[in-house]
Amino acid sequence: MHIDILSAVPRLLDSWFSESILQRAQQKGLAEVKIHDLRNWSTDKHRRLDDYPFGGGAGMVMTIEPIHRAITELKGQRVVDEVIYMSPDGILLEQGLANTLSIKNNMIILCGHYKGVDERVRTHLITREISIGNYVLSGGELAAAVLSDAVIRLLPGVLGDETSALSDSFQDGLVAPPDYTRPAEYQGWKVPDVLLSGHQAKIDEWRHDQALERTKERRPGLLG
Ligand code: SAH
């Protein structure tokens with residue numbers, strides 16, 4: 001999978017992709033993430049990316065031209081399956097959407113800044129708009145990192161234990177059961193006996209029951 005991220009503040013994203021699981025995914029050649037500075041496509045002599053909103057009002061709006069030039073150039077390099085704009089009013093990111101995107105080959109993710117982008121970017125250049133929640137961030141970079149992380153960790157071979165993404169919350173319509181590790185007792189707080197029993201069928205049943213209980217309690221909507 002190849003992801004191009006377009007940003008006005010690319011440095012915000014560097015460290016995210018150069019550590020841990022996302023770094024390993026790239027080293028193994030399973031994912032390639034390129035973070036681009038949108039200013040490289042600005043024709044303005046001060047490399048500006050924004051301008052005043054027509055009709056007045058507070059805040060600056062990202063102009064269409066550098067974004068259009070960037071997307072056009074990147075589309076010339078490979079077949080792009082999705083051009084995604086991170087936006088608070090986009091479709092909410094959930095596991096199912098991460099699953100859907102994880103089978104795509106190439107994606108461009110556009111991060112907005114300031115007030116957001118000229119509406120014509122959204123109408124003419126974008127295939128999807130995705131939100132990471134009903135709150136407003138100051139830029140799309142964190143949202144793009146969240147989306148990329150949720151998608152990349154699903155690619156086969158990225159997680160050490162092949163089954164672990166499947167046992168995560170939401171994959172089977174339930175949240176995950178509790179996990180414990182050593183020591184079996186800490187300051188009198190004990191690990192449930194069944195997990196130490198060695199009886200795999202009983203352990204599986206216990207985990208399923210726990211997952212069901214937790215889902216009822218915390219995300220009853222998943223059961224509907
Ligand atoms: N004026 C816009 C908010 C702009 S916030 C509005 O009221 O909807 C600036 C940028 O941050 C946006 O262009 C978007 O790319 C990003 N952003 C902010 N909140 C986000 C969220 N919840 N999900 C995804 N992207 C978000």
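Quick note: residue numbers are just sequence positions, from 1. Please read these numbers as outputs of a predicted model, since none were measured by experiment. Whatever order the structure lists ligands and atoms in, that order sets their numbers, starting from 1.
Taking a cutoff of 4.0 Å between a charged side-chain nitrogen and a carboxylate oxygen, K75 and D4 do not qualify as a salt bridge.
Looking at V136 next to ligand 1, no N or O pair under 3.5 Å apart turns up. Any N or O atom pair closer than 3.5 Å counts here, and C111 shares no such pair with ligand 1. Residue L137 has at least one nitrogen or oxygen atom sitting less than 3.5 Å from a nitrogen or oxygen atom of ligand 1, judged on distance alone. For ligand 1, one of its N or O atoms has an N or O atom of G133 under 3.5 Å away.
Look at I130 and you'll find a heavy atom under 4.0 Å from some atom of ligand 1. Heavy atoms of I132 approach ligand 1 to within less than 4.0 angstrom. Heavy atoms of G59 come nearer than 4.0 angstrom to ligand 1 in no pair at all.
With ligand atoms numbered from 1 in the order given, ligand 1 contributes 22 (N), 23 (N), 24 (C) to contacts under 4.0 Å with heavy atoms of S131. The distance from ligand 1 to the heavy atoms of G116 drops below 4.0 Å at these ligand atoms: 13 (O). The S138 neighbourhood of ligand 1 comprises atoms 9 (C), with distances under 4.0 Å to a heavy atom of that residue. Less than 4.0 angstrom separates some heavy atom of M86 from each of these atoms of ligand 1: 14 (C), 15 (O), 24 (C), 25 (N). Interface of A143 with ligand 1, defined as ligand atoms under 4.0 Å from a residue heavy atom, comprises 24 (C), 25 (N).
Put simply, atom 7 (O) of ligand 1 has no protein non-hydrogen atoms near it, under 4.0 Å away.
In this structure, OH in Y52 is found 4.5 Å from CE in M60, a value given to the nearest 0.5 Å. With rounding to the nearest 0.5 Å, the separation of CD1 in I71 from NE2 in H124 is 12.5 Å. In this structure, NZ on K202 lies 13.0 Å from CG on L195, to the nearest 0.5 angstrom.
Note: H68 and W41 fail the aromatic proximity criterion, with ring centroids not under 6.0 Å apart.
Residue L49 is tested with V61, L38, V117 for a side-chain contact (heavy atoms from CB on, under 4.5 Å); the sole match is L38.
Considering only non-hydrogen protein atoms, atom 9 (C) of ligand 1 sits nearest to Y114 O, 3.4 Å. If you check which protein heavy atom lies closest to atom 21 (C) of ligand 1, you get P88 CA, 3.6 Å. With respect to atom 4 (C) of ligand 1, the closest heavy atom belonging to the protein is K115 O, 3.4 Å. Of the protein's non-hydrogen atoms, the one nearest atom 11 (O) of ligand 1 is G139 C, 3.1 Å.
Remark: the Q171 side chain and the N99 side chain contain an N/O donor-acceptor pair separated by less than 3.5 Å.
Between I130 and L101, some side-chain heavy-atom pair lies under the 4.5 Å cut-off.
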One pair to check against side-chain hydrogen bond (donor to acceptor under 3.5 Å, both in side chains): R47 and N40. What are the steps and the verdict? CA-CA 8 Å; R47 308 220 302 158; N40 294 338; 3.2 Å; yes
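Between R39 and R48, the shortest heavy-atom distance links the atoms NH1-CA, 4.4 Å. The two atoms that bring P88 and N134 nearest to each other are O-OD1, 4.3 Å, heavy atoms only.
Contacts between Y85 and ligand 1 below 4.0 angstrom, taking non-hydrogen atoms only, involve the side chain exclusively.
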